[in-house]
Each structure stands twice: as structure tokens, then as C-alpha cells.
Protein chains: 2
Amino acid sequence: MVRSMPLRGGRPQAPTAPTRWQLQNTVFAAESQNQPSASEAVVSSTRDAALQRRRALTTDGKAATLVQGSVGGGRVRSARDQRQPGWVRRDKGATSGVPFNLSRSSLPITNRQHPLTDTAANARLRAYEQEVKGRFDRIVPLLQRVSALQHEPDFIEQAQRLTRAELGFDLPQHILERAWVRPLDMRALFAWCVFESHRLFSDRFFQDDPLDGAAGSVAARDFEQFLLDCGIHLLDVSPCADGRLAHTVAYALRIPFSAVRRRSHAGAMFDVENTVNRWVKTEHRRHREGMPNPSTEPTRYLKVVTYHFSSLDPQHQGCAAHGSNDELAAAAGHQRLLDFREAVENSFCCGASVDLLLIGLDTDTDAIRVHPPSRDSEMVLDQWLCARELHAATASMTADQAMAQIAEAIEAGASGPMEPGMVAFLTRLIANNCSQIDYVQDLHGAPYPDAGHAERFIGVGIGFKEVHLRNLTYFAHLDTVEEGAPDLDVGVKIFKGLNVSRDLPIPVVVRFDYSGRVPGARERAIADCQRVNQAIADRYGELVNQGLLHTCLTVRDRNQTAPAEVVGSTLAPPLQEAH
Amino acid sequence: MVRSMPLRGGRPQAPTAPTRWQLQNTVFAAESQNQPSASEAVVSSTRDAALQRRRALTTDGKAATLVQGSVGGGRVRSARDQRQPGWVRRDKGATSGVPFNLSRSSLPITNRQHPLTDTAANARLRAYEQEVKGRFDRIVPLLQRVSALQHEPDFIEQAQRLTRAELGFDLPQHILERAWVRPLDMRALFAWCVFESHRLFSDRFFQDDPLDGAAGSVAARDFEQFLLDCGIHLLDVSPCADGRLAHTVAYALRIPFSAVRRRSHAGAMFDVENTVNRWVKTEHRRHREGMPNPSTEPTRYLKVVTYHFSSLDPQHQGCAAHGSNDELAAAAGHQRLLDFREAVENSFCCGASVDLLLIGLDTDTDAIRVHPPSRDSEMVLDQWLCARELHAATASMTADQAMAQIAEAIEAGASGPMEPGMVAFLTRLIANNCSQIDYVQDLHGAPYPDAGHAERFIGVGIGFKEVHLRNLTYFAHLDTVEEGAPDLDVGVKIFKGLNVSRDLPIPVVVRFDYSGRVPGARERAIADCQRVNQAIADRYGELVNQGLLHTCLTVRDRNQTAPAEVVGSTLAPPLQEAH
């Protein structure tokens, strides 16, 4: 694990912080070292061609090439800027500010593990991703084999045996039994397999804590203490609902999932009023129970927006909710953060306020960019720190040197003096992200092959604490279809491309978490599932009637670690009429 | 105003509390005095015939006649009960428990003002009700005259002059201008007039505070202090959404509207989770701002459910949401209260709890029945105090004697020892209700003529603080039509009977309050109006297409006293195409 920086009071001091000239040369040295060996050359040539093609798509000025001599801040550098590079603050005293703010990564891929990379965690996360996604990816091949058996005399036994062996569950008997009368309903079987695969991985998540992030785990307790040391009593993250950000918490930022409140929304446009209510609940608990710390402690509620962009195909693979316009995505997220803070400051007395943080995620490499907030949460939209650049620039350092360098770059990148706690927190995030940058490169040899959408099912409702994998789930976080229709329509459109185009149905898992402490809450959660199920049937009637959209209704008691409970499905056997 | 009882510490002592024998004789004496004078006899004979007819409808045992000698508690007296009348608690020591718990009022109507009746307030409330309802009742006669003019040469001028004089606003010019081409769209004009009448009375409510109950008014401040003296820091009332309970707060209970949180729901089935959130907000404010009092004060959050019944036609005019079954309505309300308390006690530490109160309202007489809660909020469903009986039994006393007697009866009616504050609070409610009992009798000569529904418009959404009149508005309190559809369907069904049967449209006012302190909240409130408007058009397409359902969209900043703002309507003139 990356050792946390000495925080209390003093700025994180690197043992021997390299001078700016050394760092700049390290950047160029790092680039030259990365010439691929002969054998690697062939493997990456096809990929380079693809990358070159995509890079050509980037409009002029968007993919700012490395400006010789001054590694500009993450801004499109105009003539006016030449005099003072975005990241260097003259009035900040003679700091050896580290110039690591390239907006577009043009750095080649380095296969060496970064000194801050947690290889053990990478191995564990890799095994988990491959195990879960493997489940879903074995469905179609399995069903193709089942399809070929449908006219065999002992078809049902063979099909069940095969499926149990391959996927670990049975197929629905009532559908197999009709194979002699009419062609096997492969769409229904496909949806069933997706729902069962989801159920198995969901059960395992809550029972075994494969990501080692459950409430009370060592990782969670350590991180919660670290947050308090950073002056943060609640971390509330709103990534965009796009499936390529579903793994933001557990993979990209390497945060124990139970130590953070996650609310995904299309375009990361979280609900201000709902978040103010969450702030009130948090403060009430601190006042009443001193949890996580007494209200007298000068810690803050930190709201984070994670927008996203595609470094390789910005025009088409950026954030659909913001028309694949990166500036718009960042600006809208920033404004929503400011609205939230203003709402809290306007509505409550005695200095009530919150801290804000804007993070971007490159969905091709999982590298994050951080807009470092000054002490009063002022952020500059077109000024950020790119983790990938920092990864490259510190790759040849010791772990401690790298941490110190990252911290230095963060402070240099802010528009004003920063809280030491926030510097430490961002240093930890960027350090963690180094592991994920290496993870993606190791697993895929560089940017993700599935640059676009490749989700396996749509998650509708409130919950899905167990979903932490990229491109597994498209989230439509909603109480009602009436309010969430825009998000859900985007999801259905994506799945028309992914599934319906292959004549496969859209699998929709509906989930409503509830609090088992509230009498009648479970029944209301089931009623919410049924209401949303009906609203989906009304809105997408045609798809449902053609068997091209199936739903599985689930509820879960959020006060327990018990897995979700299936309470209904379009695939359930028809009820036998009672005589 | 009725002097509040000496509360702190001691039980409210009547100067000379009449013995039980005296009280029983007073009851019979009161009955004999009420023989109507000759002139009154004719007026009430037709009404008596109507009442007899309705009373005949009541099933056997429901309308328990006055059992000679022992004025039973508000229970259907079975043989088993003879030994111990419901209201008398043997183990409570020798109290001169007052036997005032008749379940069905068979008491004749007394025209003398009760000593606790606030005649000045009654006059003010009467003028307000007649003024506002008068507006709506003048619409049809006015439109009938306008209809007759539609082929006059100066039709538009005449129509506008007439409408301005009669109703105080103009008719929509763009509809009048088409009178020469096609028959006047009277449905549209009717809906327009209802919406404009609503706008005028709503504006007046917020500008002039005709009910003298706005935040900061003397009445509100006094009542808030009285609540605190009673040990209550927040009064949260959930009446049924039926229009016959819309006046529960300002008329039936005579509580300043700003001193109470009102959330109407069909069958009074308030949302437990939403109310727990409101409890958290209340506690947070006490912790953070010491408002309305510091969290260290031993006061409580009081949740009240007001169910309803019809003493004259219990089978048909009771609560539709509970199948006009009074016991079911009371039991469901009671269970919902218990669920709320359990949710708070389960979810928060350190003795977090709430107080509960169950009240029934007779929609024929506005008389309330109170199920007095013991110290730990234990209530007995089939044991209550009927304000109408107490009104009759104390009619000939002095005001102080009446207050003392009511307090005595309340304590005697509880299933265990009561908090003195709760006794004082209920005494005040019953005393206030005496004014309303006299109000109804004065205005209508006894039970309301409109025993059933007679609402003028449907109110959909979140808000309507200004609606405090009986049978003016059917509330569908909802965030989305998807969730509120059951309530809204009931409202539409009622208005099919009231309006569509007369070929008149259903006027639906959509309202979303917002907090002006939250950036973007107004725009989101407008978007909510438009979303709900679309959902209504989808759900009731046929009615909308025939012009038999019209909507008016309004928003209001709940942090201001400014009136609501109209932001859209099905009657708005079509937008001119920009060239």
C-alpha cells in the first residue's frame, strides 16, 4: 500500500525534491526510453495505427502537443499565455513548481510498473474483473451450444448440465420444456442468464467482499481515518452514469466502496436538493451521535463530480449527456458543485459550507485529471493536473520521491493556497490512479479496446452498491421512470446498438434499496420495483412485447450485508390458476 | 381567545368540577332544551327528513344510540362491555371521569353559541369562505350570460366588461376572438375562470394573510409558544387528501397555518421515509441553530393523522381510500403513526423518538374525535373523545368550567397517565373545535349540505399552502404522476362526477414549491411542472383531447411570502411562429 504522507501541519516534504530542470529532462528521458522492443513493435503497430487514426480526429488545438521547453498546464495554449504558463504562480514564492499539466496525453505507453503501483491490488482487481465479466461473456457461446441441442431427446438434461458447468446455474425449466413445441426462446434464455450471472456476482460481492472494501474492513477503516486526517468527514462522489465510469471508486480512485457515498447521474448532474438533504443527515448524525466525528470538529463534507472524456476520440466517445464536449462536461459539473455549495450556505446558518472537487476521467486510459481547489474551493476549469503525465514524469523515481513530486505539482496547479489536507487527499488519489493506469496498460496493452459502450445490463432504481466494474452496467439512478426517462432513454438507445442489433434483448435489473429499520419499507421497495416495471413496460411497450426487453426486480436491505433479493421478473413462470 | 390552561406541573383544575351525576343530568337537560321554536321547526323539518333518511342508512350498531344511564365511550357497546364502560379506568383512582365518548352523535342541534366559541374568528372565517367560494360559484352564471352574448356585434367588449365586474379578471382574448368562427369554447372559458379565481385568491392569501396565520403573525407566534409550553417543538399534521379535510388546520382545529407542517395524503397515509427525513431536518436545526428550541430541551416532534368519517352516511361518505370503513381508516392511520415512531427509534440513537396523535373528523359537522394518547403515545383505537358531545355537555357552563371539564374528560379518556402538555394541547384543540361546530351550524343550520365531494379544482404537486377551505380542492400531493397516480385517479373520478357529467372540464392546478435559496431550484420546479403536465396528458389523453381536462402550471418560492407564479397552461394562446 502506498504510505500516507506525513500530514498534520507541515507541507509534505520530499526527501530530495528534484529541481524543475531535472524534472523536465526526466520527462524527455522517459519518452526516449519507451521505444518498444522489436517483438512489442508488431503487437502495438496495429494499435498505433488505430490510435493515430483517432488522434487525427481530434480537432486542431484540442490535442495540445508537448510545447517544447515549457510543459504547459492542461490548457489549450494561446499566444497570450506564452508569457506565463498556466501552472506557474509567480506570487507563490520560489517553488520548483512541477510543469505537469498536459491536456492531451501524447505520451507513449510505458510498460514498466510505476513505483506507486500496488501490483498485489492490481492482480486481485484483475482476477475479479475477469471472473465477473467472464461470467457474462460465456453466456452467448453457451447458449449457442444449447441451441444446437434443442432437438436432442434428452435436451433438457444436457442443457442444464452444460449450463451448470459453464455458468453455475440452471436455465428456466418452464422455457426449456417448450422446446419441442416451438423454437427455443433464446432471447428469454439470454436475459435469464444475464440476470442469473448478475445475481451470482451480486451475492458473492456482499458475502465475500471480493474488493476488500466493505464497511468495517481494515481498508475501509484506514481510509475513513485518512479522510478525517485530511479534514473530510464525508466523501460524496457523483460520477457520470456512463458504464465506463462504474468502476471509478474501486478501480480508478482505489477507494474502499463503503467509505464513499456514490450517486451516478447522466453527465454527473447530481440532484442538488437531494444532496443538501444528505448533508443535513450527515450533520445531524455528527451533532447527535458524534459520528463519524463530533460536529465541533472543523472537518468538511466533500462533494466530488467526476466528468469524463476520451483522449483518443474526444468528438464521439466523450460524455453523451454533454454532446461529447469536454469543456461543457467540466463546466456543467463545476456549476452543479457551486450550486450545491451555495444552497448549503444560503439555507443554513453559522458558517455552514462544503468542500468541492472536480475530477475528469479519461475513459480510454482511466487516467484522471484533477482541478486542484484552492482553500475556498476555487477551481479553474481549464487548469488541471493529468495523472498520466505525472505517472510518466515520476515513473523512474522512488515511491517517496514520486509522492512528494505529485504533492508539489498539486499545490503548484491550484489557483491559490490549498488546505494541506486537500493536498494530501489529491496526492493519494493520483498515486492510487497510477496503479489503475498500469492496470489498464497491463490488461489491454494500453487504452481500452472497448473505447465506447459495452455494458452488459442496465441498472435502474436506487442501489447497486455491488457494481464496480467498467462497462458492466449502465446506471439509470431514479425514483421514477417519469423523472429518470431521459437517462433511461439513453441507456435503451445504447443497448439497441449493443444487443437489439444482435437480436438479443435488453436486460434491465430494477433495484430499490430500503432500510430494514423502517417498518413497511421492504413492501414499499417491492411496490416501487413493480411500479417502475410497469412504467418501463408502458414506455418501451414494443420492445417488451417482442421479448427484446426483460426486467428482473430486486430489493436489498441497505442496513445489512445480505445480498439483493429477486422479487419478480418478466421471465418468471406464469402463475398456475388455482382450482 | 380562549385562555390557555395553567400548565406547568399541575393537572388543569376546574374551579368547581361538577360531579358525574350532575354532568349526566346536564346532558339530558341539554337535550330537552333543544326543542326547536315554532318558526325554526319548519326550516329544519326538511333537513330532519334528510337526516332521518341518512341515519336510516347507518347499519345496525354503527349509530349507537344513547344507552340509558351510562354514556358509553365511543365504542359500539357489546354485552361484554356492560360491566365496565369503555371510558372509566377503575385503577385510576376515584376520578369523576366525565362520560363523553358517544361514537355516533345523536344529539340534536343546539343553536346557542358555546361559551368557548370565538364568534369574531367565526365571522372572519365565514366572510373569507364566502368570498373565496363565491368567486368560484359565480363562474357558471357569468359564463351563461357571456354565452348568450356571443353573437352580439360588440360581444368581446361586453363579455370582458361583464366578467371584470363579476369576477375581477378578463377572459382570454384569443378564445373570445374566435367566437364568430366557431361556437365559443365554454369549456376553455370555464377552466380559465377557475384558474384565474384560484390565482386571485392565492395572491390575496399571500399578500394580505386573510386567515391571520402567516409566519410571524401574533397568532402564529402565540401558538408556537403554546406548542413549546405543551412540550411540542414541531406539529406535523397529515389529513386525508379528501377536499372535505382541506380546512382541517385553519377551520376545524383553528391552528395558524404557518405554525404547522401539513402533508395531505389519500387515506392520511403519509410517507414514512419522507417524514423521517423531515424529523432529521427538524432535529438538525435544533442542534445547529437552537430553533425552534435547543435540542437539549425535552420537547417532542408531534405527528398527527387526521382520518375522517361521516356520521350521517358512514357507508358511502366515509374515507374512499379505506372503502368508507371508519375502523379501517382509524386503524390504518394508527399503524402508519406507529411505523413512523418505530422508524425513528430504530434509525437513531440516544432515545430518539416522537409523539403520536390520532384524530378523526366528522365531515358532516366538522366535529373532531380525539384518541387521547397516554404518556408513551399508546392510543386505543375504539376509545375516543367526541368534541360534539363535549360541546353539548359543556354548552351551559362558563368558559373556564368548560375548559376544565374538557381537560378532565381527556385525561379520563386515555388508556394511561398523560403528559400534562398533551392534555393542554388536546384541550385547546377541542375548545377550538367548539367554534367550528358552531360555525357549521350557523352557516348551514347543522350538518353540511354538501356531505360528499364538491371540490372546485384538483391541486397536484407539492405546495398549496394557501388552500384552507373545505371542498375547494382535491389534493394529489405528489412528486410524480407515476407515484401519485392512485390518488390522482381518485380525484379525476370525483371530478368526472362533479364536472364532466355537466360537460364541464376538470381544472387541474399543478404546483411545485421551491427554495429560492437553492440555485437552479426555480428552473427545476418549472421543469417538474412541465413533466407532470406531460404525464397527466399521457394518462388522461382522452379527457385532454376533448377539452375536458385543463391544467395551469404554477411555482412558488416557499422562502418568500410572494404569491405563486403561473408558468404555463393548456389555455395559453398558441405561440406565434417567428418569421
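Since the model is a prediction, treat every value here as computed from it, not as a measurement.
Partner A:Val280 forms a side chain to side chain contact (heavy atoms under 4.5 Å, CB included) with one of B:His284, B:Arg285, B:Arg288, B:Glu283 and no other, that one being B:His284.
The OG atom of B:Ser295 sits 8.0 Å away from atom NE2 of A:His287, with the distance rounded to the nearest 0.5 Å. Note: A:Leu478 CG to B:Glu482 CD = 8.0 Å, rounded to the nearest 0.5 Å. Once rounded to the nearest 0.5 Å, the distance linking OG of A:Ser347 with CZ of B:Arg517 reads 6.0 Å.
Residue contact with chain B, scored on non-hydrogen atoms closer than 4.5 Å, involves the backbone and the side chain of A:Val532 alike. Proximity to chain B involves both the backbone and the side chain of A:Phe348, based on heavy atoms less than 4.5 angstrom apart. B:Ala352 touches chain A through backbone and side chain together, each having a heavy atom under 4.5 Å away. Proximity to chain A is absent for every atom of B:Arg286, based on heavy atoms less than 4.5 angstrom apart. For chain B, the nearby parts of A:Ala521 are the backbone and the side chain; heavy atoms of each come within less than 4.5 Å. With a 4.5 angstrom heavy-atom cutoff, A:Val481 touches chain B via backbone and side-chain atoms both.
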**Message:** Before you tell me yes or no, could you show the steps for B:Lys281 and A:Asn277 under side-chain contact (heavy atoms from CB on, under 4.5 Å), namely the whole-Å CA-CA distance, both residues' side-chain angles and the distance that decides it to 0.1 Å?
**Reply:** CA-CA 8 Å; B:Lys281 280 186 192 173; A:Asn277 286 340; 2.9 Å; yes

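Under the 4.5 Å side-chain criterion, counting only non-hydrogen atoms from C-beta, A:Pro519 is not in contact with B:Leu338.
By the 4.0 Å N-to-carboxylate-O rule, A:Arg524 lies close enough to B:Glu273 to be salt-bridged with it.
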